[in-house]
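This is a predicted model, so every value here is computed, not measured. Excluded from the calculations below are hydrogen atoms, water molecules and symmetry mates; all remaining heavy atoms, backbone and side chain alike, are included.
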Amino acid sequence: MNLSDLIVQGLVLGSLGLGAGVLGGVIGFGTTIILMPALVYFYGPIQAIPIIALVATVANLSRIFLWWNVINWKVCFVYSLTAIPAVILGVNTLVVLNEKLVEVTLGFFLIALIPIRRWMRKKNFYLKLWQMSLVGAVIGYLTGIVATTGAINTPFFLAYGLTKGAYLGTEAASTLSILFTKGITFHQLGFLNITAIAQGLLIGLFVLIGAIFSKRIVLALPEHKFLLLMEMVMFISGASILLMTL
């Protein structure tokens, strides 16, 4: 790869990293969805996996840093307690499951959760702390099976009563345990080498810068508009999952 190719690659990934950082910083997910096609193109599907895992880790760390003061650490602990072993279980049962069927189910489930969340809010029904451990177990297991489940977390953390910064920070801190578990697995499989770490951290730097800009957007959004934005993105994510399985 010559110098001009490196410059083009850097400009493309840097620009995408900034945009992904802003989007992920506002809605809590979507960073990996934006970056994955370009990473696969430049590095290939195998090398892209550990790089995107590192980028996602940096993205979550940035949201934790930005919203540290409003994170609900009890939720993080309860969620992670069941999510970590569930990830390992999911990876080990992947070989006996139909991944396409699981993704189709996730797509329909994500769309169906929009009216369910509205009904729960209208009835003033919120999830209890112990129920978040069940959410952690299910999401952790699914994360071990399919590529990404970021959007699936959203309705459950909102249903607990978290919104805006509290939702973004708490969801990021909770998901970090899953990402660390995946990272350890990648290292054991030999995919997480020095090159992947350097590339992931460099792209993650641009994601971090984008995430810093996102805080102003979140603070300026009224709560009802923030919730509408979440519902819109949930619908798009669910529809995208269904379209990708066709």
Any chance you could measure Leu89, atom CG, to Ile84, atom CD1, to the nearest 0.5 Å? 14.0 Å
Just one of Ser177, Ser174, Ser133 clears the side-chain hydrogen bond (donor to acceptor under 3.5 Å, both in side chains) bar with Ser80, so which one? Ser177
Give me the atom names and distance for the closest heavy-atom approach of Ala59 to Ser62. O-OG, 2.5 Å
Note: Val58 and Gly204 closest approach over all heavy atoms is CG1-O, 3.3 Å
CZ on Phe213 to CG on Leu18, rounded to 0.5 Å: 7.5 Å
Pairwise side-chain contact, Thr170 with Tyr160, heavy-atom cut-off 4.5 Å (strictly under): no
Value for CG (Leu176) from CD (Glu171), rounded to nearest 0.5 Å, stands at 10.5 Å
Rounded to the nearest 0.5 Å, the CG atom of Leu205 sits from the CG atom of Leu201 at a distance of 9.0 Å
For Ala56 and Asn60, which heavy atoms make the closest approach, and how far apart are they? O-ND2, 2.8 Å
Contact check, side chains of Tyr79 and Ile139, non-hydrogen atoms, under 4.5 Å: yes
Is there side-chain contact between Val75 and Phe157, with heavy atoms separated by less than 4.5 Å? yes
What do you reckon, is CH2 of Trp73 surrounded by more than 12 foreign heavy atoms closer than 6.0 Å? yes
Taking everything shown except Tyr126 itself, do over 12 heavy atoms lie less than 6.0 Å from its OH? yes
Which atom pair, heavy atoms only, marks the closest approach of Cys76 to Ala173? SG-CB, 3.5 Å
same_hphob_cluster(Tyr167, Val70) at 4.5 Å side-chain heavy-atom cutoff: yes
Which heavy-atom pair separates Val22 from Gly210 by the least distance, and what is that distance? CG2-O, 3.3 Å
Roughly how far apart are Ile178 CD1 and Thr57 OG1, rounded to 0.5 Å? 11.5 Å
Verify the cluster assignment for Leu228 and Val218: are they in a single hydrophobic cluster under the rule of side-chain heavy atoms below 4.5 Å apart? no
Within-4.5 Å side-chain heavy-atom neighbours: Trp130 and Val78: no
Shared hydrophobic cluster for Leu129 and Leu158 (ILVMFWY, side-chain gaps under 4.5 Å): yes
Atom pair OG1 (Thr175) and CG (Asn153), whose distance is rounded to the nearest 0.5 Å: 4.5 Å
Pair Thr82-Leu134, side chain to side chain contact (heavy atoms under 4.5 Å, CB included): steps then yes or no: CA-CA 7 Å; Thr82 54; Leu134 300 179; over 6 Å; no
